[in-house]
Amino acid sequence: MSNKADIREVANLFNLPGAFVAAIPYGSGHINDTFRVTMLDHDKDVRYIIQWINHHVFTQPVALMANVDRVTRHLHKKLQAAGISDTSRRALSLVPARSGANHIVDAGGNTWRCFKAIEGARSYDQIEHPRQAYEAARAFGEFQKLLSDLPAPRLLDTIPNFHHTRCRFDALRDAIQQDIAHRAAPAQPEIEFALAREAMVDVLLDAHARGEIPERVTHNDTKLNNVLIDDATGEGVCVIDLDTVMPGLTLYDFGDLCRTATCPTAEDEKDLAKVEMLPEMFEALVRGYLASAGGFLCPAERAQLVFSARLITFEIGIRFLADYLQGDSYFKTHRPGHNLDRARVQFKMVASFEQNEQRMDGIVRAAG
Ligand code: ADP
Ligand code: GN1
Ligand code: MG
């Protein structure tokens, strides 16, 4: 934070009524910095989410914000047209800067944005109950559905080739060859695990290239903790973290949700004996996703639901492993070996998906 402006000064550049009370670091993201800011307005605490956009990762933050602005406006328009009464809890709402822009740039050249906080709902880093899995999947499917008629132009690719698994695999191979941080030796079992699974990386890319799987507007970072679940009703109320909303494959979204919501542990669990796919969570994810997305998915997308879990979990695993080998320059880390621990959990989940493939196929078939 040393080279970034004080959060109070940042908050002051947004059009927030009332007096600044406090700002606390918030969430557990690996890329941006998030703060929950409290303002006192007419004797009432009102909260906001202020975020620094990591411009090392998102190299076009202003264009990224144009995506977010378009997407949130479209969601609100669609929700209102559908007669939803509490649209302010169903889609993120940007707070404009005093200048009227959808972001501010501080004196150090950092880009910040501000959302209204959604109250009475929270995100979960770890799954606790199948109902949460169902609701999270239903909410992400609904999100895809609402964005299916986003008017042209095409959204910006905020990170080009983000889910291009072949590129990710080649980047891992480069990282192994270069071994700039001299970490290939301790990561040998993980390197072998990854290299043995090269055959997986082109499956969805090829199906898309053959025209079997369409490009749609997708979220691309559908971790369980990127959906807010209502405290009172348990409903998946709002999809958040919109930086990677861009053209993609629906299967990336479903797969990433399986990665995080069928695993009983945190993403960086050290005790791998605890890491395994929970079939009851997978079943709830399939049912929840099909409840909202079932109407628009094509047969080729449905046919790859089980595979998508394995593929995206593998992809995130090789990204963690490559970052470990390169000296932890991309994902925030909080302890030595953190990215390697994360990669191990992903690979244990890949193995568990492999072992349970038939069972998962049966679950998808039974869901219709
Ligand atoms: P990151 O990129 O750091 O993951 P997120 O946008 O996911 O950033 O926000 C981090 C956390 O902050 C979320 O997991 C959620 O708990 C909380 N959060 C984000 N936006 C809102 C919001 N508008 N209202 C309430 N909580 C929010
Ligand atoms: C990052 O920003 P955050 O923490 O929600 C990453 C995702 C990974 C995820 C793994 C822009 O997401 O792709 O799946 O970590 N986001 C980016 O937890 O790289
Ligand atoms: Mg997030």
Side-chain angles (χ1 to χ4, degrees), residues 1 4-18 20 23 25-27 29 31-39 41 46-81 84 86-119 123 143 146-147 149-160 162 217-221 226-228 237-248:
M1 279 300 299
K4 286 176 224 151
D6 186 71
I7 298 300
R8 191 189 185 112
E9 285 168 27
V10 171
N12 192 37
L13 295 172
F14 287 99
N15 212 350
L16 306 182
F20 180 91
Y26 211 54
I31 309 290
N32 294 334
D33 291 348
T34 301
F35 299 87
R36 192 178 71 182
V37 170
T38 306
M39 305 288 293
D41 184 28
V46 185
R47 296 194 285 212
Y48 299 90
I49 300 291
I50 291 188
Q51 291 177 312
W52 168 71
I53 301 173
N54 183 333
H55 51 259
H56 307 291
V57 167
F58 297 108
T59 55
Q60 299 185 68
V62 175
L64 177 154
M65 284 309 298
N67 272 12
V68 173
D69 206 337
R70 281 177 62 201
V71 163
T72 50
R73 281 175 200 275
H74 186 76
L75 291 171
H76 280 289
K77 206 170 109 189
K78 292 286 297 281
L79 290 165
Q80 272 155 17
I84 306 286
D86 58 347
T87 65
S88 63
R89 296 188 80 238
R90 301 275 166 175
L92 287 177
S93 307
L94 280 167
V95 178
R98 288 188 189 277
S99 68
N102 55 30
H103 65 278
I104 65 118
V105 181
D106 71 21
N110 293 289
T111 308
W112 300 80
R113 55 147 176 254
C114 178
F115 291 110
K116 290 182 186 164
I118 292 168
E119 300 292 351
S123 61
F143 181 85
L146 290 170
L147 291 175
D149 59 352
L150 183 77
R154 194 175 188 275
L155 289 172
L156 167 87
D157 283 307
T158 56
I159 301 180
F162 188 57
V217 175
T218 51
H219 184 281
N220 297 301
D221 187 9
N226 280 334
V227 60
L228 298 178
V237 274
C238 185
V239 167
I240 59 170
D241 208 341
L242 307 180
D243 299 313
T244 51
V245 178
M246 57 183 159

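No experiment lies behind these values; they were computed from the predicted model shown. FYI, the numbering just counts along the sequence from 1.
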With side chains defined as the heavy atoms from C-beta onward, is the minimum distance between R90 and V237 less than 4.5 Å?
yes
Test log, rule side-chain contact (heavy atoms from CB on, under 4.5 Å), inputs L13 and E9:
CA-CA 7 Å; L13 295 172; E9 285 168 27; over 6 Å; no
I'd like to check the salt bridge (charged side-chain N to carboxylate O under 4.0 Å, His left out) partners of D221; sequence neighbours left out, ordered by chain and number.
none
Does R113 reach the side chain of L242, with side-chain heavy atoms less than 4.5 Å apart?
no
Please examine the side chains of L16 and C114, heavy atoms only from C-beta on, and report whether any two atoms are closer than 4.5 Å.
yes
Checking side-chain hydrogen bond (donor to acceptor under 3.5 Å, both in side chains) against W112, which of D106, D33, N32 comes through?
D106
Kindly indicate whether the side chain of H74, heavy atoms from C-beta on, has any atom under 4.5 Å from the side chain of D149.
yes
Mind telling me whether F143 and H219 have parallel, tilted or perpendicular rings, with 30° and 60° as the class edges?
perpendicular
Below 4.5 Å, heavy atoms only, C-beta onward: do L147 and L75 meet side chain to side chain?
yes
Are V62 and H103 side-chain neighbours, meaning at least one heavy-atom pair lies under 4.5 Å?
yes
Please list, chain by chain and in numerical order, all residues satisfying salt bridge (charged side-chain N to carboxylate O under 4.0 Å, His left out) with R98, sequence neighbours excluded.
none
Measure the shortest side-chain to side-chain distance between V68 and V245 over non-hydrogen atoms and say whether it is less than 4.5 angstrom.
no
Sub-4.5 Å side-chain heavy-atom contact between D157 and F162
no
Short side-chain donor-acceptor distance under 3.5 Å, T111 and H55:
no
Going by side-chain contact (heavy atoms from CB on, under 4.5 Å), D243 matches just one of N67, I159, L64, I31. Which one?
L64
With respect to Y26, which candidate in I50, V37, I49 satisfies the side-chain contact (heavy atoms from CB on, under 4.5 Å) definition?
I49
